[in-house]
Visitor: 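Let me give you the structure first, and then I'll get to my questions.
Chain letters run A, B, ... following the sequence lines, proteins first, then strands; residues in each count from 1.
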Amino acid sequence: MADSQSKLHVYNTLSRKKELFEPLNPPFVGMYVCGPTVYGDAHLGHAKSYVAFDVILRYLRYLDYKVRYVQNITDVGHLVGNGDDGEDKLAKKARLEQSDPMEIAEKYTYTYFRDMDALNVLRPDISPRATGHIPEQIEMIETLIEKGHAYEVNGNVYFEVSSDPDYGKLSGRKLEEAESGTRVETASDKKAPEDFALWKKADDGHLMKWHSPWSEGYPGWHVECSAMSNKYLGESFDIHGGGLENQFPHHECEIAQSECAHGKEFVKYWLHNNMVTLEGQKMGKSLGNAISLEQFFTGDHRLLTRSWAPEVIRFFLLQSHYRSTTDFSEDALEAAETGLKNLHSMVNTIEKAENGPGDAYDVESFRSAFDTAMNDDFNSAQGIAVLFEHLKELRKRITNGSSPSNLDEVKAYIRKVVDGVMGIWPSGSGDGKADVTEGLVQLLIEIRKEARANKDFALSDKIRDDLKELGVQLMDGKDGTTFEID
RNA sequence: GGCGACAUGGCCGAGUGGCUAGGCAGAGGUCUGCAAAACCUCGUACGGCGGUUCGAAUCCGCCUGUCGCCUCCA
């Protein structure tokens, strides 16, 4: 059943090609995605990345893979500004907010999950914190020193890039090029400018520091992902994801550390999502043009004229491919909102209908079209187009009185893809109050029916208009009046 | 400077060497007390210039434009 005609192919940054997806140990799949550095509110760019990988996760599970999804929380500050002289991000934020770095990390970890929950992003199976894995990181650094891939100077430990012949295989960057870059700080104790820190000795006043064989200090940024992915997914695993901008240096360094430490291939498939742009510019924290998710949800931002529901944001993002840039505009959001509303309306109509006298619906062709779209490197935009086509056709049949004889089966599949894979099921129907609301609206419909029978159109229009104000849309059809709640 | 992407109809946005993407907006029609919804119908787009080909928006080259990475960043 899982193999209609096509099989899942994913674009692997390592080969720069689409490759047939074949897990190392089927049906198990290990997936690691770089999580946020928790020193600020999550913005639309985070949403694109994590919604994309959420659908990737959901689709893999739809294909019956047993996925373990690990996403780190970076709660150790990393350096700000140029070279190694900058200030720790979390420490800086802590100073600005007059609190402790761990308090900052806790606060933004909370808001991160809050916002992701709102976007209907499934929680990772494991969300390891960098600060909770200092011993693992130290152990990895020790291994690298033993194997001659790292060296210690003045309490600092650096990875020696020239000791790794494969360095650059992900980003296509060569050593000579890195060295020629004039913007690389050379005034440090590193042997070579491209060497990167595994452990840094803490300055006086540095707030986050730990004991290590080399100094009181803190780990380099890249080593946390290597150590934690190794701990929870093993020395080799299937998928590593993250934002395009992490390709270099972060992911390149992860590969170097992990492969030099373990002597085997680190990750089989590297997946990178593209950026969200705003007026053609990358949206980013450091660029100061980021609109946070909370601001979208409340509408409280100078570039927003109103608030936008989380499901609209999710749907909007899924309408473009994860490897394409997504250019944000309120016009585009509005189009997405209307489109989603129509999709929900179709789903609701189908959900309310029952098996009818019509021909059986070809669920297999539905499934095949959807799988073909998603098998092509998780083409969610195409997948949504397939949903529209089939939902439209189904609604047409139902409206024409020829509801398919196997509608139950169709509904089950719709639930699987719309809810299970895309995560865009209509919300707000199902809680206890819904029944009361339905009853009340039904009552008003009855009253209005009498008014219409008496040609009291003033009253019937008032009922309809006032209900619309409340977000309830009445629709008069041949077989009576139906309604939709916003 | 080095490396790498992208340029599709009013807007958003998929895509394959030859066949309707899809969504939003718009036009006409059916239905209706009126409306809404639904249903039916409608747009023939692919940055520029060359080349390959029977045929290219889809392959190659050049040009123009936009963007990303090379520094923390989803």
Side-chain angles (χ1 to χ4, degrees), chain A residues 13 16 33-37 39-40 42-53 74 77-84 86-89 168 171-174 176-178 180-185 221 241-250 272-277 280-287 290 315-316 319-329 331-340 342-343 345-346 349 373 376 379-389 392 395-396 398-400 452 455-457 460-461 464-465 468 473-478 481-484:
Chain A
T13 308
R16 302 185 180 278
V33 171
C34 285
T37 303
Y39 67 99
H43 60 254
L44 190 59
H46 294 93
K48 176 171 170 89
S49 185
Y50 299 121
V51 165
F53 285 106
T74 297
H78 292 296
L79 300 175
V80 168
N82 291 323
D84 299 333
E87 192 176 3
D88 184 294
K89 275 189 172 165
S171 60
R173 238 167 266 272
K174 303 232 171 14
E176 308 83 69
E177 290 164 3
S180 68
T182 49
R183 297 166 74 182
V184 176
E185 285 285 329
W221 173 37
L244 203 57
E245 84 283 2
N246 277 333
Q247 204 172 307
F248 187 90
H250 184 53
H272 290 100
N273 64 275
N274 216 128
M275 305 290 98
V276 171
T277 57
Q281 291 279 309
K282 171 185 163 183
M283 185 182 284
K285 274 185 220 177
S286 46
L287 295 170
F315 183 73
F316 167 68
Q319 273 189 305
S320 65
H321 190 98
Y322 78 93
R323 282 194 295 112
S324 303
T325 53
T326 300
D327 192 44
F328 154 77
S329 71
D331 285 348
L333 272 186
E334 197 160 347
E337 183 178 58
T338 312
L340 179 63
N342 288 156
L343 189 142
S345 162
M346 292 190 276
T349 300
D376 183 16
N379 193 335
S380 58
Q382 188 62 43
I384 285 172
V386 170
L387 294 184
F388 270 102
E389 280 177 38
K392 222 172 183 173
R395 176 172 64 184
K396 189 192 295 182
I398 289 165
T399 321
N400 294 345
R452 292 177 72 202
K455 306 254 185 232
D456 184 355
F457 297 123
S460 75
D461 286 354
R464 187 174 64 196
D465 295 344
K468 188 168 171 65
Q473 175 73 54
L474 297 189
M475 292 161 294
D476 297 327
K478 282 197 188 89
T481 301
T482 55
F483 67 94
E484 248 172 37

Visitor: Starting from the C-alpha separation in whole Å, work towards a yes-or-no answer on side-chain contact (heavy atoms from CB on, under 4.5 Å) for A:Thr13 and A:Gln247.
Guide: CA-CA 9 Å; A:Thr13 308; A:Gln247 204 172 307; 3.7 Å; yes
Visitor: Taking only N and O in the side chain of A:Arg464, is any of them less than 4.0 Å away from OP1 or OP2 of B:A36?
Guide: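 Checking B:A36 against A:Arg464, no side-chain N or O comes under 4.0 Å of OP1 or OP2.
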Visitor: Starting at CZ of A:Phe248 and ending at P of B:A5, how long is that distance when rounded to a whole Å?
Guide: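 Rounding to the nearest Å, CZ of A:Phe248 and P of B:A5 are 17 Å apart.
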Visitor: Before accepting this row, confirm whether a basic side-chain N of the pair A:Asp461/A:Arg464 lies closer than 4.0 Å to the acidic partner's carboxylate O.
Guide: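 Salt bridge: yes.
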Visitor: Are A:Arg323 and A:Asn273 close enough that some pair of their side-chain heavy atoms sits under 4.5 Å apart?
Guide: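 No, side chains not in contact.
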Visitor: For A:Phe53, report the nucleic acid contact type (base, sugar-phosphate, nothing); a contact means any heavy atom under 4.0 Å.
Guide: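 The answer is nothing, as A:Phe53 stays clear of every strand by at least 4.0 Å.
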Visitor: Please classify the nucleic acid contact of A:Gly280 as base, sugar-phosphate, or nothing, using heavy-atom distances under 4.0 Å.
Guide: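 Sugar-phosphate, no base atom in range.
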Visitor: Is any side-chain heavy atom of A:Glu484 closer than 4.5 Å to a side-chain heavy atom of A:Met475?
Guide: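 A:Glu484 vs A:Met475: side chains touch.
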Visitor: Would you say A:Phe457 stacks on B:G33, if stacking means ring centres under 5.5 Å apart and planes within less than 30 degrees?
Guide: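 Yes, the aromatic ring of A:Phe457 stacks with the base.
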Visitor: Base, sugar-phosphate alone, or nothing: which one does A:Gln382 contact when heavy atoms must sit under 4.0 Å apart?
Guide: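 Since a base atom lies under 4.0 Å of A:Gln382, the category is base.
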Visitor: Name all residues meeting the side-chain hydrogen bond (donor to acceptor under 3.5 Å, both in side chains) criterion together with A:Thr349; count only those two or more places apart in sequence or in a different chain, and write none if there are none.
Guide: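 By the side-chain hydrogen bond (donor to acceptor under 3.5 Å, both in side chains) rule, A:Thr349 matches no residue at all.
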Visitor: For A:Glu484, answer base if it contacts any base atom (sugar-phosphate contacts may also be present), sugar-phosphate if it contacts only those atoms, and nothing otherwise; contact means non-hydrogen atoms under 4.0 Å.
Guide: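 Since no nucleic acid heavy atom lies under 4.0 Å of A:Glu484, the category is nothing.
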Visitor: Would you confirm whether A:Ser380, through its side chain, and A:Gly383, through its main-chain N or O, come within 3.5 Å as a donor-acceptor pair?
Guide: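 No, A:Ser380 side chain to A:Gly383 backbone: no donor-acceptor pair under 3.5 Å.
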Visitor: Is any side-chain heavy atom of A:Ser320 closer than 4.5 Å to one of A:Lys48?
Guide: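 Yes, at least one pair of side-chain atoms sits under 4.5 Å.
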Visitor: Determine the contact category for A:Val33: base if any of its heavy atoms lies under 4.0 Å from a base atom, sugar-phosphate if only primed atoms, P, OP1 or OP2 are that close, otherwise nothing.
Guide: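 Nothing: the residue A:Val33, judged by heavy atoms under 4.0 Å, touches no strand.
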Visitor: Taking atom P in both B:C63 and B:A27, what distance in whole Å separates the two?
Guide: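 One P to the other, the span is 45 Å.
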Visitor: OP1 or OP2 of B:G68 sitting under 4.0 Å from any side-chain N/O of A:Thr277?
Guide: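 Indeed not, no polar side-chain atom of A:Thr277 lies that close.
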Visitor: How many Å lie between CZ on A:Phe328 and C1' on B:G13, as a whole number?
Guide: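 Result: 16 Å.
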Visitor: Counting any heavy atom closer than 4.0 Å, what does A:Ser324 reach on the DNA or RNA strands: base, sugar-phosphate only, or nothing?
Guide: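 Contact class for A:Ser324: sugar-phosphate only.
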Visitor: Under 4.0 Å between any heavy atoms, over every strand shown, what does A:His321 touch: base, sugar-phosphate, or nothing? Just pick one.
Guide: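 Sugar-phosphate, no base atom in range.
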Visitor: Mind checking whether A:Phe328 and A:Phe316 have parallel, tilted or perpendicular rings, split at 30° and 60°?
Guide: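 The arrangement is perpendicular - the two ring planes meet at more than 60°.
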Visitor: Could you work out the separation of B:G43 and B:G26 based on their C1' atoms and round it to a whole Å?
Guide: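 Those two atoms are separated by 10 Å.
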Visitor: At less than 4.0 Å, is any side-chain N or O atom of A:Lys282 found next to OP1 or OP2 of B:C69? Yes or no.
Guide: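 Answer yes for this pair, as a side-chain N or O of A:Lys282 is under 4.0 Å from OP1 or OP2.
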Visitor: What's the gap between B:G18 and B:G50 when it is taken at their P atoms, as a whole Å value?
Guide: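 Straight-line distance between the two P atoms is 23 Å.
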Visitor: Could you give the distance separating B:G9 and B:U20 at their C1' atoms, to the nearest angstrom?
Guide: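 The same atom, C1', in both gives a distance of 14 Å.
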Visitor: Which nucleotide in the list B:A74, B:C72, B:A14 gets nearest to the side chain of A:Val276?
Guide: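 When the side chain of A:Val276 is considered, B:A74 is the closest of B:A74, B:C72, B:A14.
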Visitor: Could you give the CG-to-P distance, from A:Leu340 to B:G22, as a whole number of Å?
Guide: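 Atom-to-atom, A:Leu340 to B:G22, this comes out as 19 Å.
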Visitor: Touch check for A:Asn274, heavy atoms < 4.0 angstrom, all strands: base, sugar-phosphate only, or nothing?
Guide: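 Counting heavy atoms under 4.0 Å across all strands, the contact made by A:Asn274 includes a base.
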Visitor: Within the structure shown, what part of the strands sits under 4.0 Å from A:Leu44 by heavy-atom distance: base, sugar-phosphate, or nothing?
Guide: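 Nothing: the residue A:Leu44, judged by heavy atoms under 4.0 Å, touches no strand.
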Visitor: Which nucleotide sits closest to the side chain of A:Glu389: B:G13, B:G22, B:G15?
Guide: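 Looking only at side-chain atoms, A:Glu389 lies closest to B:G22.
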Visitor: Tell me whether the OP1 or OP2 atom of B:G15 has a side-chain N or O from A:Asn379 closer than 4.0 Å.
Guide: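 Checking A:Asn379 against B:G15: at least one side-chain N or O falls below 4.0 Å of OP1 or OP2.
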Visitor: With hydrogens left out and only the distance checked, is there a donor-acceptor pair under 3.5 Å joining A:Asp461's side chain and the base of B:G33?
Guide: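 Looking at the base of B:G33, it does pair with a donor or acceptor on the side chain of A:Asp461 (distance under 3.5 Å).
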Visitor: Report yes if a side-chain nitrogen or oxygen of A:Gln281 is closer than 4.0 Å to either non-bridging phosphate oxygen (OP1 or OP2) of B:C67; otherwise report no.
Guide: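 So the side-chain polar atoms of A:Gln281 do come within 4.0 Å of the phosphate oxygens OP1 or OP2 of B:C67, strictly under.
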Visitor: Say we look at B:A5 and B:G47: how far apart would their C1' atoms be, to the nearest angstrom?
Guide: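 The answer is 16 Å between these two C1' atoms.
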Visitor: Could you tell me whether the phosphate oxygens of B:A74, OP1 or OP2, come under 4.0 Å of any side-chain nitrogen or oxygen in A:Thr37?
Guide: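 Checking A:Thr37 against B:A74: at least one side-chain N or O falls below 4.0 Å of OP1 or OP2.
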Visitor: Using whole Å, report how far CZ of A:Phe315 lies from C1' of B:C12.
Guide: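 Nearest whole value for this atom pair: 11 Å.
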Visitor: Classify the nucleic acid contact of A:Asn246 as base, sugar-phosphate or nothing, counting any heavy atom under 4.0 Å across all strands shown.
Guide: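 Sugar-phosphate: the residue A:Asn246, judged by heavy atoms under 4.0 Å, touches backbone atoms but no base.
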Visitor: In whole Å, what separates the C1' atom of B:A74 from that of B:A38?
Guide: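 Here B:A74 and B:A38 have their C1' atoms 41 Å from each other.
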Visitor: Starting the side chain at C-beta, find the nucleotide from B:C72, B:G15, B:G33 nearest to A:Pro249.
Guide: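 Output: B:C72.
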Visitor: Please report the C-alpha distance between A:Leu244 and A:Met275 in whole Å, then the side-chain angles of each, then the deciding distance to 0.1 Å, and finally whether the side-chain contact (heavy atoms from CB on, under 4.5 Å) criterion is met.
Guide: CA-CA 7 Å; A:Leu244 203 57; A:Met275 305 290 98; 3.9 Å; yes
Visitor: Measuring from the side chain of A:Ala385 (C-beta onward, heavy atoms only), which nucleotide among B:A38, B:A21, B:A36 has the closest atom?
Guide: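 For the A:Ala385 side chain, the nearest candidate turns out to be B:A21.
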Visitor: Determine the interatomic distance between C1' on B:A14 and the same-named atom on B:G23; round to the nearest Å.
Guide: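 Comparing C1' positions in B:A14 and B:G23 gives a spacing of 11 Å.
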Visitor: Can you find a side chain N or O atom of A:Lys285 that sits less than 4.0 Å from OP1 or OP2 on B:A74?
Guide: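 So the side chain of A:Lys285 is within the cut-off, an N or O lying under 4.0 Å from OP1 or OP2 of B:A74.
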Visitor: Of all the heavy-atom pairs spanning A:Gly243 and A:His272, show the shortest one and how long it is.
Guide: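 Taking A:Gly243 first and A:His272 second, the nearest heavy atoms are O-CD2, 3.5 Å.
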Visitor: Looking only at the side chain of A:Met475 (C-beta and beyond, no hydrogens), which of the listed nucleotides B:A37, B:C72, B:C39 gets closest?
Guide: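 Closest of the options to the side chain of A:Met475: B:A37.
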Visitor: So does A:Gln382 get a backbone contact from the side chain of A:Asn379, meaning a donor-acceptor N/O pair under 3.5 Å?
Guide: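 Judged by distance alone, yes, a pair lies under 3.5 Å.
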Visitor: Would you measure the distance from the P atom in B:C60 across to the matching atom in B:C6 and give it in whole Å?
Guide: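 Comparing P positions in B:C60 and B:C6 gives a spacing of 11 Å.
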Visitor: Given the rule that a pair is Watson-Crick or G-U wobble with both distances under 3.5 Å, how would you write RNA chain B in dot-bracket, using | for pairs to a different strand?
Guide: (((((((..(((.....[...))).(((((.......)))))....(((((..]....))))))))))))....
Visitor: Would you mind reporting whether A:Lys89 and A:Thr74 have side-chain heavy atoms less than 4.5 Å apart?
Guide: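 Side chain of A:Thr74 against side chain of A:Lys89, heavy atoms only: no contact under 4.5 Å found.
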Visitor: Using a heavy-atom cut-off of 4.0 Å across all strands, would you classify A:Lys396 as base, sugar-phosphate, or nothing?
Guide: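 If one applies the 4.0 Å heavy-atom cut-off, A:Lys396 turns out to touch the sugar-phosphate alone, with no base involved.
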Visitor: Could you give the CD-to-P distance, from A:Gln319 to B:C12, as a whole number of Å?
Guide: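 It works out to 13 Å between those atoms.
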Visitor: I'd like a list of close polar pairs between nucleotides 24-32 of chain B and the protein, N/O only, cut-off under 3.5 Å.
Guide:
residue	atom	partner	partner atom	Å
B:C24	OP1	A:Asn342	OD1	2.4

